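Below is one structure, written out as structure tokens; the observations come after it.
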Amino acid sequence: MSAKYDGRSSRQTNEVKRYKMYKSGRQWITAGLSTLMVLTGMALIDDTDKVSADTTTGSTAMAASAAANPASAADNTLSNTTSEAVSSANAQVSANSASDSYATGSLGSSAYPTLDSVATDNTVSADVNDQNAISVDKNADATSNAVDVTTSASATSSSAASTYNNGSVAVTIATPSNATSSLVSPTQSGSTVTTAGGSTATVTSDALATIEKASSAAASSAAAAANSYSSAATSQAAALQNAQSAASSAQNLLNSLSANQGVDLINILTTAVANVQSAQTQNTLPLMQQALSAAKAGDYQAALSAYNSAASSAFDYVNLTRGQSEFAAVFGTSYSTLTSLATYTSKGTVSQAIINDTTPLIAASSANSAAQAALAAAPTSAQIAANQSAAAEVTSQATSLADSYAALLNADMVLVNVNYNANATATSSAAATAAAAAASMSSTLTNGIAAVNTDANLKFAATETVGGTFGFSKTYFSSYATTAAATAAATSDATEKAMWNTVAAFASSLAADSTGTAATAMMAGNSSGKIAGIIPALTLGDNNSLLTQLQNDITTLNGILTSDKLSSATYLNPIIDNGDGTLSTNVSVDPNQLIHDNIDVAVANLTSDLTAINTAINTYVNTTIPDFVTAWYATTYTAYNNGTKASMTATAMKLISQAVSLTVNNKVAALSAGYAQTLLNAANAITGTDANSLYAKNILLQLSDAQQSMSDTAASNYNAASAYLGTTDLTSSTFTSQIKTQLGTIGGLFTSIITDLVNTSTTNISNAVNTMMTGVTQSEINLANGINSALVAFQNIAVSPTVTVTAGFDTGTPDVSDVAAGQFATTTYSATYTGAVTGTSATVIAYQAIDKTQLQALVNTTTANSNLASVMAAQLTAAQQVLTNDNASQQDLNQAYANLVAQRARQFH
């Protein structure tokens, strides 16, 4: 398949061209592109050493021989038949000599009419005969052939890659009108695809994955939009319903109060107005009349305000003529020596009645006004309906889009190659920085692990004695493992169970490898009383599997960051049958998408594995070392003086575990926070707002977040340990007194020694890890920046895309019943390219009509003659092979026929 994608530009469609059809391991078929030459003439007999080139002389000699030999004269017609066949063949050569589509000449000159062979871009692969055409038996039923039709179109000039961002090319293939044709999708095994015509290619991208991703994104977006509209409609409907309910309730309450307290108020004011009017005053009456009018109008606040004004007026003029009568009418009480308006208001039967009526009326009126205002401001039914309609429309569109994506995902496939014809030096240069940064990670981690796992870091031994001896041995380790396991099984406390199981596993490992370095280091203190041990080595997963995976990721990424991978893509693309004899496929020519299709998964895997490695390092420091110290402490303490002191307790182990956790998490929190900040600073230094800059920035942000998460976890662990111990100072009496309470004075001594040793070892290990992670962090920054610069550089590289589409078909043979044997018929597949790259092309498939009847009849006649069949067995076998060969040309048939005729003639000569 690689020969198909040689990047050659398509020629102009008005040019006379020839296109060859091919199949791996097969001969090439040629076919005309725009102008098909008139192909006429019958295939002629090829050169043979059994037939004379001088046909006239040959036939005369045969006739003379027959006359001289009566025995052979009986079958003299066979000689005549041979002569006639040769003469006829030469006559046909002459008849076609005017066509430049054929090589012409006499029978003996090895000449035979054939299609021209001209290598071009537009090709089709198929099984073909020696005339570079598909053989079709004109007397047999129609058959079909598996063929690959390959078409291409190229940009006419180069331009920056960014010109083609979001670009696509619509390719429409029209199938022949004179033959049946059905699409056949390629088959795929791993990254290798095989087309219907037998061609193979290695796919470098997954178009279906891109479609699935787009489908998922579209579905999520549509669901979010529909939910948003639907939620808005639901919220609006609820708001409207609540407003309607509140307004109705407020109005009903006001109506009810108006029918009772309101009527009562009007009656009170009516009486009061009449009484004031009887007092014949001029000052208070208008105010009382205002109060009555307001009450009748339902404006209870205005009614109360007018009444209060009237009461004030009556109070002010109480000493005037008729003032006291007016006062009594307004207040409903007689004036006395009281001087406070408020006092009279509270005493008067009229004033109190008015207050009692207006208070609930005013509250209800105010509430009703607010409720009616809220209803007016509430969403309308039209607004709710609009959002419901929008939700339905989005859902409908999403369904239609989902159906379109589903159709693509379930469609037949064609093989597509997009070659940007980019300068190899430029693309390689653009990718170099990122590739170098990725490669540096592996060596940084490998060297870093070696720097962590040194004897100086992992081995520890006290220089002072604990004042006794130890009883370490294989038997002791095995026995203590059993005891610890039993203790774990007996406790219901999950934390204690886990700790005792850790102790059991540690002691069991020492028993299993009692001659190993860890066990012998401990047993060296049996008589000296000096404690010792070996901290487990740092590994990134089982057998450093995470490091191996990262190295594989780096190899994969560097394999992608090459010129050919970044400037060309080969993949299977969906193609849709339009139902009118045409098929359509849409090909992306977005160079940015090509790059991301290639690197996104690799970068995501690399980022994920880096995070997993960081987690493994964090687990080593936060879990592996504390677990080891706790298990080692319990195993060592219990072996002291053969176990003649206080027994190890779960509380003591928790104290030791938390003490180690306090030490290591303090270091991890600070280091991880530093890495996180370094990565964050590098991310913020990428100031571009384009998608590629944001892509690179996001890589650093993900890694920074992972480090910050570790720092936060470590800080939380540190705080928890500090709270449990009640101190952050492991040399303080607060801590040591707790140990002594559990394990006595010897426990305090043990703890003092091991605390110093652990501090030293973890400091050394932390320093080594810091050196390693500083290098890794810088490699991560270099990688992200390298990817960023590469993506930017790719956008500026000059490209000239060539789109090549290979479609497999099961194509039926055309009707050749009226085509003379040896002559040719054709079918045509045409392709139209529109969009970012334009062009048209046609692929012509040549078929040769063949007639097997004469050869079959001669074979039958010869076979029926047992004598001839015996002496001509080889020739009959050869002729039969030609008859059964689906790719036999008329030349092959004529050659076999001539051979049989000549051999039969010799038998009678």
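Given the structure is predicted, the values throughout are model-derived calculations rather than measurements.
Between Phe460 and Trp632, the ring center distance clears the sub-6.0 Å criterion.
Listed here is the closest heavy atom pair of Ala511 and Ser478: CB-N, 3.7 Å. Taking every heavy atom of both residues into account, Ala612 and Leu546 meet most closely at O-CD1, 3.8 Å. Between Gln742 and Ala652, the shortest heavy-atom distance links the atoms CB-CB, 3.9 Å. Nearest heavy atom pair, residue Thr689 against residue Leu694, reads O-CD1, 3.6 Å. Summarising the geometry of Thr649 relative to Trp500, their closest heavy-atom pair is C-CZ2, 4.4 Å, with the distance given to 0.1 Å. Considering every non-hydrogen atom in both Ala226 and Thr395, the closest pair reads CB-OG1, 3.7 Å.
Residues Ile531 and Phe470 meet the side-chain proximity criterion, which asks for heavy atoms closer than 4.5 Å. Counting heavy atoms from C-beta on, the side chains of Leu538 and Val621 never come closer than 4.5 Å. For the pair Ile699 and Val603, the minimum side-chain heavy-atom distance is below 4.5 Å. The closest side-chain heavy-atom distance from Tyr620 to Ile765 is below 4.5 Å. At least one side-chain heavy atom of Met413 sits under 4.5 Å from a side-chain heavy atom of Pro186. Residues Asn764 and Leu458 are not in side-chain contact: their nearest non-hydrogen atoms beyond the backbone lie 4.5 Å or more apart. Side-chain contact between Thr623 and Phe628: absent, with no pair of heavy atoms (C-beta onward) separated by less than 4.5 Å. In this structure, the side chains of Leu547 and Ile449 come closer than 4.5 Å at one or more pairs of heavy atoms.
Thr446 places a side-chain N or O within donor-acceptor distance of the main-chain N or O of Ser442, the cut-off being under 3.5 Å. The main-chain N or O of Tyr476 is found under 3.5 Å from a side-chain atom of Ser473 such that the two form a donor-acceptor pair. Looking at Thr663, its side chain does come within 3.5 Å of a backbone N or O of Ala659 through a donor-acceptor pair. No side-chain donor-acceptor contact under 3.5 Å links Ser508 to the backbone of Ala504. Judged purely by atom type and a 3.5 angstrom limit, Ser228 has no side-chain atom pairing as donor or acceptor with the backbone of Ala224. Listed for the Asn681 side chain is a donor-acceptor partner under 3.5 Å among the backbone atoms of Gln677. Thr491 places no side-chain N or O within 3.5 Å of a backbone atom of Thr487 that could act as its donor or acceptor partner. A donor-acceptor pair is defined here as one N or O able to donate and one able to accept, closer than 3.5 Å; no such pair exists between the side chain of Ser716 and the backbone of Asp712. At distances below 3.5 Å, not a single donor-acceptor pair connects side-chain atoms of Asn665 with backbone N or O atoms of Ala715. Of the possible polar contacts, none joining the Ser479 side chain to the Thr475 backbone as a donor-acceptor pair under 3.5 Å is found.
Here the CD atom belonging to Gln549 is positioned 7.0 Å from the CG atom belonging to Asn605, to the nearest 0.5 angstrom. The line from CE of Met773 to CD of Gln707 is 5.0 Å long, rounded to the nearest 0.5 Å. In this structure, the separation between CE on Met441 and CG on Leu550 is 7.0 Å, given to the nearest 0.5 Å. Here NZ of Lys459 is found 6.0 Å from OG1 of Thr517. Values are rounded to the nearest 0.5 Å. Atom CG in Asn717 sits 12.5 Å away from atom CE in Met710 (nearest 0.5 Å). Of the inter-residue distances, the one linking Gln551 atom CD with Ser443 atom OG reads 9.5 Å to the nearest 0.5 angstrom.
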- Run the numbers on Leu783 and Leu557 for side chain to side chain contact (heavy atoms under 4.5 Å, CB included), then give the verdict. CA-CA 11 Å; Leu783 174 64; Leu557 182 59; 4.1 Å; yes

- How far apart are the C-alpha atoms of Asp729 and Thr731, what are their side-chain angles, what is the distance that settles it, and do they pass the side-chain hydrogen bond (donor to acceptor under 3.5 Å, both in side chains) test? CA-CA 5 Å; Asp729 184 1; Thr731 64; 2.6 Å; yes

- Message: Quick one, Thr678 with Ile781, criterion side chain to side chain contact (heavy atoms under 4.5 Å, CB included). Give me CA distance, side-chain angles, the key distance, then yes/no.
- Response: CA-CA 9 Å; Thr678 299; Ile781 293 171; 3.8 Å; yes

- Let me see the working for Tyr633 and Met653 under side chain to side chain contact (heavy atoms under 4.5 Å, CB included), right down to the final yes or no. CA-CA 8 Å; Tyr633 189 105; Met653 286 197 294; over 6 Å; no

- Message: Is there a side chain to side chain contact (heavy atoms under 4.5 Å, CB included) between Thr651 and Thr741? Walk through the geometry before answering.
- Response: CA-CA 10 Å; Thr651 300; Thr741 298; over 6 Å; no

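Applying the side chain to side chain contact (heavy atoms under 4.5 Å, CB included) test to Thr734 and every residue at least two apart in sequence or in another chain returns Thr727, Ser732, Gln738. The side chain to side chain contact (heavy atoms under 4.5 Å, CB included) check on Ser220 picks up Ser216, with sequence neighbours excluded.
In the model, Thr763 has a side-chain atom that pairs as donor or acceptor with a side-chain atom of Lys667 under 3.5 Å. Side-chain contact of Ser693 with Asp690: a donor-acceptor pair under 3.5 Å is present, judged by distance alone. No side-chain N or O of Asn788 forms a donor-acceptor pair with one of Asn692 less than 3.5 Å apart. In summary, the side chains of Thr454 and Asn457 do present a donor paired with an acceptor at a separation below 3.5 Å, with no hydrogens or angles considered. Inspection of the Thr635 and Tyr480 side chains reveals no N or O donor paired with an N or O acceptor under 3.5 Å. No side-chain donor from either of Ser231 and Asn227 sits under 3.5 Å from a side-chain acceptor of the other. Counted by atom type alone, Ser779 and Ser440 present one or more donor-acceptor pairs between their side chains at under 3.5 Å. Gln702 and Thr607 share no donor-acceptor pair across their side chains, judged by distance under 3.5 Å alone.
Within 6.0 Å of CG in Asp542 there are 12 or fewer heavy atoms belonging to other residues, nucleotides or ligands. By the neighbour-count criterion of 12 heavy atoms within 6.0 Å, atom OH of Tyr229 is sparsely surrounded, having that number or fewer from other residues, nucleotides or ligands. Around atom NZ of Lys474, no more than 12 heavy atoms belonging to other residues, nucleotides or ligands sit under 6.0 Å away. More than 12 heavy atoms of other residues, nucleotides or ligands shown are found within 6.0 angstrom of NZ on Lys497.
Screening Asn770, Asn614, Thr777 against Tyr675 for a side chain to side chain donor-acceptor pair (under 3.5 Å) leaves a single residue, Asn770.
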